[in-house]
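For reference, the structure is listed below as structure tokens.
Nothing here was measured: the structure is a model prediction, and the numbers come from that model. Residue numbers begin at 1 in each chain, while the letters A, B, ... track the order of the sequences. We use all heavy atoms of the structure for the numbers below, so side chains are in, but hydrogens, waters and symmetry mates are not.
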Amino acid sequence: MGKNQNPEELAKILFEFSYRHEMLGVPFKPRAYQLASESVGALGGEVVETWRKDGIKGLKSLPGIGQSIAEKIDEYFRTGKIKEYAQMKKSFPVDIWGLSRIEGLGPKHIRDLYAHLKVKDVDDLKKALKEQRIRKIPRWGAKSEDKLARGLGLMESSSERKLLGEILPVAEAMVEKLKRMKGVKHCVVAGSIRRMQETVGDIDLIATSDDPKAVMDAFVKLPQVSSVHEKGATRSSVRLALGLDADLRVVPDKVFGATLQYFTGDKRHNVLLRELALSKGFTLNEYGLFTLKRVKGKHLPSKLVVCKTEEEIYSKLGMDTPPPEIRVGADEIEAALKHRLPALLPYDALRGDMHTHSTWTDGTASIEDMAKTAQAHGLTYQAVTDHTKALAFIHGLDEKALLKQCREIDALNKKLRGFTLLKGTECDILQDGTLDLADSALAELDWVGVSIHSHMRLSRAEQTKRILKALANPQVDCFFHPTCRLIGQREPIELDLDEVLAAAKKFRVALEIDSLPDRSDLRDAHVRAAVRAGIAITIDTDAHHPDHYAFARLGIGVARRGWATKADVLNTRSLPQLKKYLEKKKRK
DNA sequence: GCCGTTTTCGGCCCGACTGTTTTCAGTCG
């Protein structure tokens, strides 16, 4: 058994290797270590699993990890440290990772700060700033010292990633304002928001205009802006009052496609795409795809090929256009080259919502008001799934109350036109895996969702056993927000995903994507695994308030990031089709 | 140090902005 298997710390160590090589001017290694660090960060616990199963050989099969780095990871997992890293720390005892968090502070500056002022960490930096010693370093001045102080301030005023659900409307409001300007043809959101990432580090906007300067002037004066980092002819960057940055690029209309492609990212997707372009004799930048000529060993763009739309660019590279949501720099490029991209579920494909609440428990609106809002959002049915009695503090329903609710739903269904309510529940899974309501009561319902709201700290083995027992109950149709995480607030429960997927498949239980902004659960990677396993998905809002129906597009974004198609998602079916599915399940 | 529908050797993404310069280095996305 190893001593230290913390993938997060490992990612930081690899990052520090990258920076150290960069400081020393070593070519190519910085990027190799950077990629390895990102890879480990993204894989998380999977790195440890891979190492446990297949050792160094397994590690080498991971992206960005070859012989040398695999050996270092192996050493770290076995002994808890890496000799070469310890030596590096001895000769350069600097908290590289901590300092690098500061905007504008890169490897060369960290090197110089230590060489001239013996700055080892953020505290040393603060002292040096206070005593105005930094401006005395060669090639530094009062302005760059100020800039560094600002960067430090920004970091300390917590610049954590924000929830997509919170930022998306803000970005769209900014776009709407700029769009209305004279001379502006296009104005759109790019970056991680366009990719529908669950959290967002900054807002990337792109505009095309005959009068770029006017757009820039308007941008830095938007009401959401609190200060301006940079303002140029084609690019500006500002700080927003709600605590994150927004960038705007303004380009000529004729290169819109290239710019949109470029600033949609993600970074790794773009690096791979530019490498692919190079291998086919092109070079790609934000102004288009160019044929390449070599002058004195240097690549120079020569003739413009295409730039009007993203599709043109991908097509010239011999591939289909991957939807933004799956541009992560992994197998989407290969799939696009082989013309094997899936037809992702469209944003308007949902017909119903399988998880909603009402004033019967902790919702804020009556069943009827919720139904009317759902219908206004284009849905034709929804399941009413209030909580059960284990959640006593919100008056969860017992069997008797549930029957009473069913009678109300019967009455409402007679009254509603073009909309149907399904009788359902969000039934608690108790600690031992039994359900909070009697099977006889569950059998009366159209739709039984189950979920966990207690005992979230069970061991992986216990938690998995608990869930498997619940899913094996023949009354259960769906497992709601399976990992129980709350982004930025609560870690996911420990569970063996492979076993849970296998059980869901065996017992024909659907897995839910809960669209609430801080849940986003299942998450993208889990969705992809579920889709691969052929398990049905539902995309629900878990609406506790009429406004929550608007979050459905977040859940659809997650599903698309998980390569889900319309056929994979249960509530894209019409009500008769859904009923047929449920009847078939009951017969099994 | 990693990687392979031109390669197991010889490649390795690209441009804007800032600050301190006087033609460029550093950082970022």
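- If you take CG of Leu272(A) and C1' of dC12(B), they are 12 Å apart, rounded to a whole angstrom.
- A salt bridge links Arg235(A) and Glu230(A); the closest N-O separation between the charged side-chain nitrogens and carboxylate oxygens is under 4.0 Å.
- Rounded to whole Å, the C1' atom of dT8(B) lies 9 Å from the corresponding atom of dC3(B).
- Taking atom C1' on both dC13(B) and dT27(B), the two are 16 Å apart, rounded to the nearest angstrom.
- The existence of a salt bridge linking Lys231(A) and Asp217(A) is confirmed by a sub-4.0 Å separation between a basic side-chain nitrogen and an acidic carboxylate oxygen.
- Using a 4.0 Å cut-off between charged side-chain N and carboxylate O, Arg553(A) and Glu172(A) make a salt bridge.
- As rounded to whole Å, 12 Å separates atom P of dT27(B) from atom CG of Leu99(A).
- Taking atom C1' on both nucleotides, dA16(B) is separated from dG11(B) by 27 Å, rounded to a whole Å.
- Distances were taken from every side-chain heavy atom of Leu278(A) (C-beta onward) to each of dT18(B), dA16(B), dC12(B); the shortest belongs to dC12(B).
- Remark: C1' of dT27(B) and CD of Gln34(A) are 13 Å apart, rounded to the nearest angstrom.
- Donor-acceptor pairing under 3.5 Å, judged by distance alone, is absent between the side chain of Tyr287(A) and the base of dG15(B).
- For the residue pair Gln261(A) / Asn270(A), a side-chain donor-acceptor distance below 3.5 Å is found, with atom types taken as modelled.
- Counting non-hydrogen atoms under 4.0 angstrom, Pro138(A) reaches nothing in the nucleic acid.
- Protein atom CZ of Arg111(A) is 13 Å distant from nucleotide atom C1' of dT27(B), rounded to whole Å.
- Here Leu273(A) lies out of heavy-atom contact (under 4.0 Å) with every strand.
- Atoms CG (Asp112(A)) and P (dA25(B)) sit 14 Å apart, rounded to a whole Å.
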